[in-house]
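Only heavy atoms go into these numbers, but all of them, side chains included; no hydrogens, no water, no symmetry mates.
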Amino acid sequence: MSIELRHLRCFLAIAEEPSLTRAAARLHLTQPAVSRTLAALEAHLGARLVDRSTHHLALTAEGRAFQDRAAAALAAFDAAVDPARLRHRPLRLGHAWSAFGPYTTPLLRRWQRLHPETPLELLRIDDRTAGLARGEVDAALLRGPVDAPGLVTEELATEDRVAALPADGPLADRSGLALGDLTPETIVLNTVSGTTTLALWPPGARPAATLTVANTDDWLTAIAAGRGIGVSSASTAALHPHPGVAYRPLSDAPPLPVVLAWRDAFPHPATGALVAMAREIVTEAASPTPPGESRT
């Protein structure tokens, strides 16, 4: 049996809807047709992708693993046959919250000047790989270690970590903090796209209370409301100022790697140029600028 795009579209609709009936309506198909298409896909893969034993559909472990691959395959196909992208295929650069930190504007300006034929689209996507694993972007600027199959990464820089505190809280009166100062507090964790976990603290000295959120905006709101404190990279303080949040340096927290990631299979043709330019900008920033010269 050969697998067609309709099998992938059907599976993704099922993965995103709570029932076969709603998936069928979304696809403009009958429910039996959707059931047969799913069964054929599962038979081809030799694995159960969807658990049908409950009232609401749920993906199995194999289904969750296949979802990202199916989404990436469809995204690549749709991009390939999009007439608007035929002549000038953009390079989609994802990020989860702070892009390239202080290097963001120099990168965008230099790229526009040197590669006007390939638009560079900067997209914020609240996902651990900023949409890269799902095929929504061609490359991504990420922080912390990246453990996803099929991705290539290059570390470009490191960033110091900071504590994010309620601006009117007692810790905001201090010029600097250590991880131990945060232990008695509730830690706000962005479990979708963030990099901070309780593993940042030594065993036996970890905060007892946490509050989980799904994106940077909710993370900032929770901290400003006094519901807890957070830990992030220094670029967050520069790119996400908030009147209710104070950022303070953390003296004993390890720096956070900033990496550029892209898919190993079928990368965008301009990926190599992007990697080289990002590396060049970081190197230039680390060296003094000769008098009378500017870098853009």
### Task
Considering only NZ, NE, NH1 and NH2 on the basic side and carboxylate oxygens on the acidic side, decide whether Asp217 and Arg124 come within less than 4.0 Å.
yes
### Message
When you compare the side chain of Leu93 with that of Leu123, does any pair of heavy atoms fall below 4.5 Å?
### Response
no
### Message
Between the side chains of Glu284 and Arg110, is the shortest nitrogen-to-carboxylate-oxygen separation below 4.0 Å, so that they form an ion pair?
### Response
yes
### Query
Any luck finding a side-chain donor-acceptor pair between Asp218 and Thr221 under 3.5 Å?
no
#### Entry: Donor on one side chain, acceptor on other, Ser19 and Thr21, under 3.5 Å
no
### Message
Would Arg26 and Glu17 count as a salt bridge (Lys or Arg N to Asp or Glu O under 4.0 Å) here? Give the steps.
### Response
CA-CA 9 Å; Arg26 173 172 164 178; Glu17 298 290 352; 3.4 Å; yes
### Task
Please identify each residue that fulfils side chain to side chain donor-acceptor pair (under 3.5 Å) with Gln67, with sequence neighbours left out.
none
#### Entry: Contact summary for Ala163 and Leu182, nearest pair of heavy atoms
CB-CD1, 4.2 Å
### Message
Once rounded to the nearest 0.5 Å, what's the spacing between atom CZ of Arg9 and atom CG of Leu12?
### Response
9.0 Å
### Message
Please identify which of these residues, Thr153, Leu132, Val152, meets the side chain to side chain contact (heavy atoms under 4.5 Å, CB included) condition with Val146.
### Response
Thr153
### Message
Tell me the closest heavy-atom pair linking Pro241 and Leu239, and the distance in Å.
### Response
CD-C, 3.3 Å
### Query
Side-chain contact, heavy-atom cut-off 4.5 Å: Thr196 with Arg161?
yes
### Task
Step by step, work out the salt bridge (Lys or Arg N to Asp or Glu O under 4.0 Å) result for Asp181 and Arg248.
CA-CA 12 Å; Asp181 298 322; Arg248 297 293 181 265; over 6 Å; no
#### Entry: Minimum heavy-atom distance Ala130-Gly94, with the two atoms named
CB-C, 3.7 Å
### Query
Is there a side-chain contact between Leu27 and Cys10, using heavy atoms and a 4.5 Å cut-off?
yes
### Flag side-chain contact, heavy atom, 4.5 Å: Thr104 against His95
no
### Task
Start with the C-alpha gap between Trp97 and Thr236, add the side-chain angles, then the distance that decides, and say whether side-chain hydrogen bond (donor to acceptor under 3.5 Å, both in side chains) holds.
CA-CA 8 Å; Trp97 74 88; Thr236 304; 2.9 Å; yes
### Query
Do the non-hydrogen side-chain atoms of Leu211 and Leu189 ever get within less than 4.5 Å of each other?
no
#### Entry: Student check: side-chain heavy atoms of Leu165 and Leu177 closer than 4.5 Å
yes
### Query
Are Asp68 and Arg134 close enough, and set up right, to give a salt bridge (Lys or Arg N to Asp or Glu O under 4.0 Å), and what steps lead you there?
CA-CA 5 Å; Asp68 285 343; Arg134 300 198 305 263; 5.1 Å; no
### Query
About how many Å separate CG of Leu120 and CG of Leu114, when rounded to the nearest 0.5 Å?
12.0 Å
### Query
Less than 4.0 Å between a side-chain N and a carboxylate O, is that true for Glu121 and Arg92?
no
### Query
Above 12 or not: heavy atoms from other molecules or residues under 6.0 Å from CD of Glu154?
yes
### Message
For a 4.5 angstrom cut-off between non-hydrogen side-chain atoms, does Ile223 reach Trp219?
### Response
yes
### Any side-chain heavy-atom pair of Leu156 and Val259 under 4.5 Å
no
### Message
Give me the atom names and distance for the closest heavy-atom approach of Leu8 to Ala73.
### Response
CD1-CB, 4.2 Å
### Task
Please name the residue in the list Glu159, Glu155, Arg143 that meets the side chain to side chain contact (heavy atoms under 4.5 Å, CB included) test with Pro257.
Glu155
#### Entry: Pair Glu42 + Arg52: basic N to acidic O under 4.0 Å
yes
### Message
Around atom CG of Asp173, are there more than 12 heavy atoms from other residues, nucleotides or ligands closer than 6.0 Å?
### Response
yes
